[in-house]
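Just so you know, ligand 1 is whichever comes first in the structure, and atom 1 is the first atom listed for that ligand. Reckoned from all heavy atoms, side chains included, excluding hydrogens, waters and symmetry mates.
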Amino acid sequence: MTDAAAQSVGRPAHVQLRERCARLGLPTWRYSAGGHVIAPPAEQGVVGALLRSRTIELLVERAVQGWVAGQEATLTELFPGCWLIPLPDVHRRRRRAYTVAMALAPEALQSEQFLAACQSASLDAEATRSALRGIAVMDGRTVGRVADLLRWAQEDLQAMARGEHETGLMSRRLGESYEELALLYKLGQSMNQLDHPQRFVRSACAELHEVLAFRWIAARFSGDMRHAGAVAGEFFFHGELPAPVDQCSAEAEKLLRGMLGTDPVILAGEAAGVLGRDSMQVVLLPVFSEGILIGAIMAGQKFGDDPEVTSPDLKMLGAAAGHLSVLLENAALYERQQAMFMGTLEALTASIDAKDPYTCGHSERVAHLASSLALAHGLSAEQAERIRIAGLVHDIGKIGVPESVLCKPGKLTSEEFEQIKLHPEIGHHILRDIPMFDDVLPGVLHHHERFDGTGYPERLAGEAIPLIARIIGLVDAFDAMSSNRTYRRAMDRTQVLEEIRRGAGLQFDPQLAEDFMKVDLSKFDELLARAQQAAERKLNRFSHRPSVLGERAPAGSDAAPGAREEAA
Ligand SMILES: [Fe+2]
């Protein structure tokens with residue numbers, strides 16, 4: 001870029017044109033399209049006084065009025081040796097304003113109009129003549145060429161200004177598009193958080209707050225559990241709210257209830273309640289799920305040069321609202337699918353447990369205890385939930401073990417025991433092709449491994465046994481010892497806990513055995529009591545099966561860890 005070009009950046013074409021005329025010794029005026037003077041000549045001293053004299057002012061004005069009235073705006077001789085060069089700003093064939101340059105020849109300084117002008121401005125003619133001598137250098141032959149040159153210069157300057165304007169516009173649009181793209185990219189990256197829609201909404205608010213000039217961005221959802229799912233009734237925000245969170249949340253809920261249709265809503269002042277503090281605008285973008293309005297993204301207290309909500313703001317907020325709609329719709333579907341899946345799974349495992357009245361509710365209790373032990377061991381709620389699912393399905397392989405073996409009341413033959421020992425592998429085989437069970441599979445396959453390496457199916461030892469399997473193994477044995485079995489009565493709580501302590505480092509991970517002592521067993525006891533009542537009822541109905549209820553397990557009986565049922 002040349003120096004001249006660098007100087008021209010961002011400055012209007014007419015300003016640059018007048019500067020160029022001044023450098024050539026040509027005074028200029030600026031007139032509006034209606035013929036009113038906007039800027040008189042900038043010259044100082046006697047020259048300036050002469051140019052701004054009433055006589056000259058009237059002469060120039062008359063010429064301009066003629067052009068405004070429709071006369072062709074061409075080179076005009078005001079009086080002998082004094083010409084006006086009209087340089088109209090034309091935009092889409094309409095004149096928007098005029099730059100008017102004056103060219104003087106030496107004879108102009110001898111004219112009667114010159115003398116009249118000096119007189120009207122109380123100027124000494126000789127002194128004025130001498131001041132003007134340096135610029136009154138034109139002649140009739142060259143003034144036409146100068147006029148042409150000036151018009152070309154004006155066209156070039158206007159073209160450059162238009163180019164700059166277009167470039168500026170394009171660069172602003174590019175910037176906006178980039179920000180929108182970056183936002184959509186970031187939101188898109190979090191779109192797989194179907195089981196954590198809250199996280200997604202929070203990050204969407206934070207991203208919008210970073211990109212847009214609003215002091216706060218919020219999202220409010222209706223209490224419609226079916227469509228809003230995990231975010232139902234919630235209020236999220238990022239930035240500085242104009243009032244305490246509770247008040248803002250209540251106001252946002254009120255505004256959400258008043259929303260109709262699919263268009264953005266812009267409110268200001270009182271209409272926006274506490275959110276519209278200081279008469280600032282609040283903008284609301286609807287969020288839908290399955291065609292139902294479930295919430296809105298809101299933004300308020302815009303700052304910077306333009307306090308009004310602009311179309312780029314709406315575009316960006318609308319894009320985020322659209323993404324939220326898609327994610328929440330998917331999340332609600334996912335949640336329903338999950339619930340259906342878990343329901344099916346619970347029904348399936350319960351039906352396996354129900355094959356034998358003595359193991360009724362076993363999987364549900366193991367699932368509950370496994371999750372509690374995981375939390376007591378310091379794992380996250382998320383990990384505990386996965387371990388709960390592993391607990392629920394840990395014995396699913398029993399579906400492949402004949403009922404005659406599974407429910408056999410007496411002692412098992414070694415062949416029958418080998419059949420029972422296959423259930424972890426059968427369970428693993430059943431679940432291995434279901435992607436959502438990937439992290440749960442080790443718990444199913446290894447829940448009968450023992451810490452000392454004498455378990456099955458792979459005789460893994462110590463920490464080589466996956467943690468999930470060590471947790472399930474321990475609570476599985478706890479439940480077995482705490483429940484009645486076909487061949488013995490349940491052990492009491494003190495005895496069971498003693499067995500767990502004794503088995504630390506042998507059957508159980510010693511750290512887990514220690515953590516287990518901190519687990520609250522009240523819910524487990526409730527589940528167990530309910531299952532035992534159900535078992536009693538069932539046994540009373542089918543009293544052909546031997547009942548051991550009321551009998552005590554003899555010391556050293558198979559109720560000890562590692563015995564038949566506990567092993568299975
Ligand atoms: Fe098992």
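You'll find the side chain of Leu241 stays beyond 4.5 Å of the side chain of Arg215, heavy atoms only. Looking only at side-chain heavy atoms (C-beta outward), His209 and Phe214 stay at 4.5 Å or farther from each other.
Under 2.8 Å from the Fe ion (ligand 1) lies no N/O/S atom of His394, from backbone or side chain alike. Residue Asp395: an N/O/S atom is found under 2.8 Å from the Fe ion (ligand 1).
Seen from the Fe ion (ligand 1), atom NE2 on His447 and atom NE2 on His423 lie at an angle near 90° (rounded to 10 degrees).
When the N, O or S atoms of His448 are ranked by distance to the Fe ion (ligand 1), NE2 comes first.
Note on ring orientation: taking the six-membered ring where Trp is involved, the planes of His448 and His423 are perpendicular (angle over 60°, cut-offs 30° and 60°).
Among residues two or more places apart in sequence or in another chain, the side chain to side chain donor-acceptor pair (under 3.5 Å) test is passed with Arg459 by none.
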